[in-house]
There are 2 protein chains.
Amino acid sequence: MTVTIKDVAKVANVNPSTVSRVIADSPRISEYTKRKVRQVMEELGYHPNLNARSLVSNNASAIGIIMPSSVEKAFQNPFFANVLGGISNLSHEKHYSLYMSTGATQQEIYSEVVKMVEGRRVDGIILLYSRANDPITNYLVEKNFPFVVIGKPYNEEGKSAYVDNDNFGAAKEITEHFIKNGHRLIGFIGGSPELIVTMERLNGYKKALENANIPVVNEYIVHTEFHKEGGKGAIAKLMSLKQPPTALIVTDDLIGFGVLGTLQEMGIKVPEDICIFSFNNIMLTELTNPPLSSVDINIDQLGYNATDSLIKLISNTENVPKKQIIPHQLIVRESSNGKVINNKLKINN
Amino acid sequence: MTVTIKDVAKVANVNPSTVSRVIADSPRISEYTKRKVRQVMEELGYHPNLNARSLVSNNASAIGIIMPSSVEKAFQNPFFANVLGGISNLSHEKHYSLYMSTGATQQEIYSEVVKMVEGRRVDGIILLYSRANDPITNYLVEKNFPFVVIGKPYNEEGKSAYVDNDNFGAAKEITEHFIKNGHRLIGFIGGSPELIVTMERLNGYKKALENANIPVVNEYIVHTEFHKEGGKGAIAKLMSLKQPPTALIVTDDLIGFGVLGTLQEMGIKVPEDICIFSFNNIMLTELTNPPLSSVDINIDQLGYNATDSLIKLISNTENVPKKQIIPHQLIVRESSNGKVINNKLKINN
DNA sequence: TTGTAAGCGTTATCAA
DNA sequence: TTGATAACGCTTACAA
């Protein structure tokens, strides 16, 4: 039924090992033999059994992608799809397959990783999250198994290579952008404060305020989730302060959408009454009304570079930088298009 | 270095085959031996080599996921991430791993599929698209390899199992919903007319109009892409007709967002001036202003059921229905919240 | 209930 | 430049 290397060998009148060498395009095989063998392979419709190959060569030509444990949420956020796109691009080019984790809980995912690694199903792993004191990270480090983290690992001085943005810098730039436009009442709406990325952006925001001698007001800092429900109350509270902010930094476009919706419901106009700037620049930011200013963090580049590093790590050929920072760009759209002049918010013509 | 079945056998003082049987939890091994062997496995940190296992047992415990060739676009649309979520859920439960295609062109993906299949890397395949005269589908059918299509295959009478929605019915229901609310000027904005799903929804829309003796107006039918740019002109043209529609059916939430944005730019209010109903009910539909009415097509259920069918197909144990229709629900939100009375559009209190 | 041994389809080492 | 053969780690008849 199945055509094996032996069948090809028999028909081509050579030894199986010769066929194997032809497949590997070994330079020590004559062009004549190569042509002959290849023709037979074609005729018989031969395709290598990858499991047999992996068994003996001890490599799988596959990369394991580990999703965060809150899969439900993860699959909602275009971020993951985008980063997958970047990973996909390079791994295809480099002839690596993609193996995805499917577990829902940390525990499940942990066993999956062990199974992938010990079962020799993958040659390396990309972690699509970074969590404090993560058993998976620890396991990988201890095993000395090639892996790359997207986002900053909790233990920065740790052994793991990672690819990230300058989140501190980006948030600082946005804040400075607002300050330059005269804003002094600037709020910060972030996702879970347990995420490192949230904290870094918060710190960048604070730093910019400090530099400009603007006091950091605790009431101006809000943490909420992607979903509308959670955020609504917090935004309402924020906007009903005696001095509501004239500008808002939001750490994720999805949260940004929620904020936009809530504000419109409250009859607060963007950017006439308040300016907004968020992060990620997913496609949908162009489609909102008004279009949402957002930091383009080059999501697929994160995936692409992580893959690049991982493959280098696997082949152990080049030195891989422990840390890679992907550049970002502020994409200014209508939602942040206002200046504060004499304590009044004015729209740029 | 690596702990194999032989090492375990040696330490446990049994034959390798016994260890193998313990792993398979064979009923013909004494509880005593099982306990003993398991303890040794634990002690030595044994994990089976999946490649060796796949080689001999000729199955991979893995499912191949094939993305549409226009990956870029695919990764933009939350639909794919959601369906992946559904697939992920069940395959994890059933102990199948996920293998993803990475190719960008049809040609590339075709070779990937062949490699997966002939290379014995996967036991079955889920196609996340359906295209007319698709070489991959043909290959799979000819090979008699287990696979399931999400969406309706072009060749309906073909041999392939598929999981789909009743797109005709859903579009018809929306149209009837509008008609019931007094609308008679109803437009249709669809994605690429080459997609079967677009055509089915278009037909449902037409059927409902017919049933209500409302003429189908060609100017009311527009095809556009996800991105805003393309659609803008078409929408503008549509709305500047002598008799612009009072209601719009849009075949995808992403297009819906674009339409919403364009209309707001044009100063046309939703639902005061026009009602909108779209498809997919992705999370973001709740976050727009106004919230977008949308048909919940149970995306993850599509993935879940496809996986279910595929696994049954693989194990060849149960009869698998060639066709599975996942139920849908109209989720009515503010964007469609208007009635036409005496030729005037009125908002429901 | 357990052991023996063959074989899955490759690659790689050693000879020739 | 090619052939013979062992080995990769596991499963599964067949024996015992």
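On a predicted model such as this, the values are computed, not experimentally measured, just so you know. The chains referred to below are lettered A, B, ... by the order of the sequence lines, with proteins before strands, and numbering in each begins at 1. When reading the values below, keep in mind they use all heavy atoms of this one structure, side chains included, and skip hydrogens, waters and symmetry mates.
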Measure from [atom1] on [X] to [atom2] on [N] and round the result to the nearest Å.
| X | N | atom1 | atom2 | value |
| --- | --- | --- | --- | --- |
| A:Arg53 | D:dA7 | CZ | C1' | 17 Å |
| A:Leu50 | C:dT10 | CG | P | 9 Å |
| A:Asp7 | C:dT10 | CG | C1' | 13 Å |
| A:Glu118 | D:dG9 | CD | P | 13 Å |
| A:Asn13 | D:dA4 | CG | P | 11 Å |
| B:Asn49 | C:dG9 | CG | P | 16 Å |
| B:Asn58 | D:dT11 | CG | P | 14 Å |
| B:Asn51 | C:dG9 | CG | C1' | 12 Å |

Which atom pair, heavy atoms only, marks the closest approach of [X] to [Y]?
| X | Y | answer |
| --- | --- | --- |
| A:Pro321 | A:Gln324 | CG-CG, 4.0 Å |
| A:Ser91 | A:Ile63 | CB-CD1, 4.2 Å |
| A:Glu112 | A:Met100 | OE2-O, 4.4 Å |

Between [Y] and [X], do the side chains contain a donor N or O and an acceptor N or O under 3.5 Å apart?
| X | Y | result |
| --- | --- | --- |
| A:Arg53 | A:Ser20 | no |
| A:Arg38 | A:Thr33 | no |
| A:Thr2 | B:Arg120 | yes |
| A:Asp134 | A:Tyr129 | yes |

* To do: List in numerical order all residues of residues 18-40 of chain A for which some heavy atom is under 4.0 Å away from an atom belonging to DNA chain D.
  =>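 Here the set is A:Thr18, A:Arg21, A:Arg28, A:Ile29, A:Ser30, A:Thr33.
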
Check every atom of [options] against the side chain of [X] and return the nucleotide holding the closest atom.
| X | options | value |
| --- | --- | --- |
| A:Ser17 | C:dG9, D:dA4, C:dT11 | D:dA4 |
| A:Pro48 | D:dT12, C:dT10, C:dG9 | C:dT10 |
| A:Asn15 | C:dT10, D:dC10, D:dG3 | D:dG3 |

* Based on Watson-Crick and G-U pairs with both distances under 3.5 Å, what dot-bracket line describes DNA chain C 5' to 3', crossing pairs as [ ] and inter-strand pairs as |? -> ||||||||||||||||

* Salt bridge A:Asp308-A:Lys94, side-chain N to carboxylate O under 4.0 Å ->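 Here A:Asp308 does not pair with A:Lys94 in a salt bridge, since their nearest N and O are not under 4.0 Å apart.
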
* side chain to side chain donor-acceptor pair (under 3.5 Å) partner of A:Gln39, chosen from A:Glu42, A:Arg35, A:Lys36, A:Glu43 ->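 Among A:Glu42, A:Arg35, A:Lys36, A:Glu43, the one that satisfies the side chain to side chain donor-acceptor pair (under 3.5 Å) with A:Gln39 is A:Glu43.
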
